[in-house]
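Inspection log for the structure reproduced underneath, given as structure tokens.
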Amino acid sequence: MPKVAVYWTGGCGGCDVSFLELGPKLLDVLSQVEVVFWPALVDTKRQDLEALPGKAIDLALINGTLRTQENVEMVEVLRSKSRYVVAFGACAHLGGVPGLANLKSREELLVEVFGGGFRPTPPPGGPSEHALPELLPQTLPLAGAIPVDYVVPGCPPPPALIADLFERALAGDLPPAGHVFGKDKAVCEECPRKKEDRKLDKIVRPHELQPDGERCLLDQGMICMGPVTRGGCEAACPKAAMPCTGCLGPTPKAGDPVLAMISALASLVRAGEEGEAAFSAEDKVLDSLADPLGTLAKYSLPSFPRLARSCVPTPVRRGP
Amino acid sequence: MRGNGFEPKIVAFLCRWCAGAGADLAGTSRLSYPPNAVPIRVNCSGRVEPAWVVEAFRSGADGVLIGGCHPGDCHYVVGNYKTRRRIYLLQKVLAEVGVEPERVRLEWVSATEGARFARVMREFVEELRALGPLAMNQEEKALPPQGGVHA
């Protein structure tokens with residue numbers, strides 16, 4: 001029976017819960033695998049993991065961003081015990097929402113959260129066994145620390161992609177290493193909304209607009225990341241009248257989603273007739289995009305805007 | 001002029017119809033301007049993708065110049081308008097990740113404005129000299145290599 005491990009580093013826990021979305025299929029899956037390590041589900045500790053022989057785990061699903069030294073140590077142990085390691089969810093894939101912390105240095109963050117009196121150094125006499133693990137200087141996606149075989153993207157991963165991974169793993173039909181579960185085409189390909197002649201004369205946030213039920217959300221002025229984002233979610237958010245925020249990461253062709261979206265938006269924005277007279281009005285439309293980097297790089301900052309301080313290459317490893 | 005000894009590296013994307021021709025005219029007119037830029041001719045300033053600008057910075061540039069036609073003169077009618085909006089947005093994002101927006105400069109230079117091209121180059125080099133080297137590239141060198149990353 002294949003042995004499976006699931007682990008959670010710096011994340012919200014939503015990825016662990018996402019398995020429940022498999023519904024009855026989850027019972028099928030659980031009856032066909034042996035869970036050897038899953039702290040959110042069964043009482044297993046680091047020592048149990050370390051006691052396993054090398055490559056004893058067939059499939060390790062790791063979710064969460066790497067935020068502390070302890071995160072890195074744990075995923076290194078998991079890597080050494082596992083045949084296949086899967087970056088599960090947007091944090092492990094790209095850095096995720098916690099990755100936006102990379103806009104600040106570790107020291108700035110500690111002061112912001114704990115106030116000026118916080119001392120990140122260990123107490124005199126050296127770190128005790130109860131000392132907090134050290135924060136990494138920057139958050140990293142999983143591939144920033146260990147080789148990764150597969151990616152199941154999403155925040156959290158859509159059930160269809162989780163099911164696809166298990167079905168193929170159980171059938172012994174895993175794709176070549178480096179595969180990202182999901183589609184290579186954009187979310188727009190799966191989206192039923194109607195696209196029209198796109199001209200944006202305003203940019204709105206989701207709470208500012210009750211969108212028309214049929215029309216493209218980008219046409220209506222919402223920043224929908226659908227055009228640059230990998231499909232595989234059946235456009236779940238746009239169908240529910242919320243713009244795509246890009247959680248499955250960019251399509252293979254889009255490259256950096258921030259830069260691709262800048263190009264797209266610049267082409268769409270208009271303030272009347274194009275020309276020198278419209279420049280300042282166009283700038284005002286562009287200014288109405290609140291928090292540009294937080295919106296366009298919501299999940300991808302540690303991996304993508306290759307201009308960010310800490311950016312590491314995106315996954316993934318070649319060969320098991 | 002060369003007070004701090006720092007010579008900024010510039011990548012200049014110049015459109016073929018206006019700014020590129022203007023740069024040629026500066027040369028054939030034997031105008032003198034600093035040789036800090038690597039010119040790259042593109043068909044239209046509207047062809048310049050934000051990813052190219054970032055790639056130039058990642059490759060060690062301290063500044064990026066995009067030269068296009070004056071408003072109303074674009075050979076492709078609206079390419080320069082598109083690039084203007086694109087650069088405006090890109091500058092905001094660059095500022096958020098700690099790259100001074102002035103390092104990206106958009107200039108309109110016509111085919112007859114060799115003198116203007118030379119002046120733009122002189123100004124840009126002076127500005128970049130005052131800004132100093134791009135901090136991101138310096139930090140990059142100081143960071144230890146990341147282990148285990150398979151690109």
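Just so it is clear: chains get the letters A, B, ... in the order the sequence lines come, proteins before strands, and each one is counted from 1.
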Selection from A:V269, A:D283, A:V285 maximising heavy-atom pairs under 4.5 Å formed with chain B: A:D283
Using a 3.5 Å distance criterion without hydrogens, assess whether the side chain of B:D62 forms a donor-acceptor pair with backbone atoms of B:L134. yes
So which of B:E49, B:E55, B:R84 has the largest heavy-atom pair count under 4.5 angstrom toward chain A? B:R84
Report the option among A:E282, A:E276, A:E76 that has the most heavy-atom pairs separated by less than 4.5 Å from atoms of chain B. A:E282
Parallel, tilted or perpendicular: which describes the rings of B:F117 and B:Y33, with under 30° parallel and over 60° perpendicular? perpendicular
Atom group of B:P71 that falls short of 4.5 Å from chain A, counting heavy atoms: side chain
Go through the atoms of A:L265 and report whether side chain, backbone, both or neither lie under 4.5 Å from a heavy atom of chain B. side chain
Can a side-chain donor-acceptor contact be found between A:N71 and A:Y7 if the only test is distance below 3.5 angstrom? no
Donor-acceptor pair between A:T139 and A:N102 side chains, under 3.5 angstrom: yes
Got a donor-acceptor contact below 3.5 angstrom from the A:K298 side chain to the A:V97 backbone? no
Under 4.5 Å heavy-atom distance to chain A, tell me which part of B:K92 shows up: side chain, backbone, both or neither. side chain
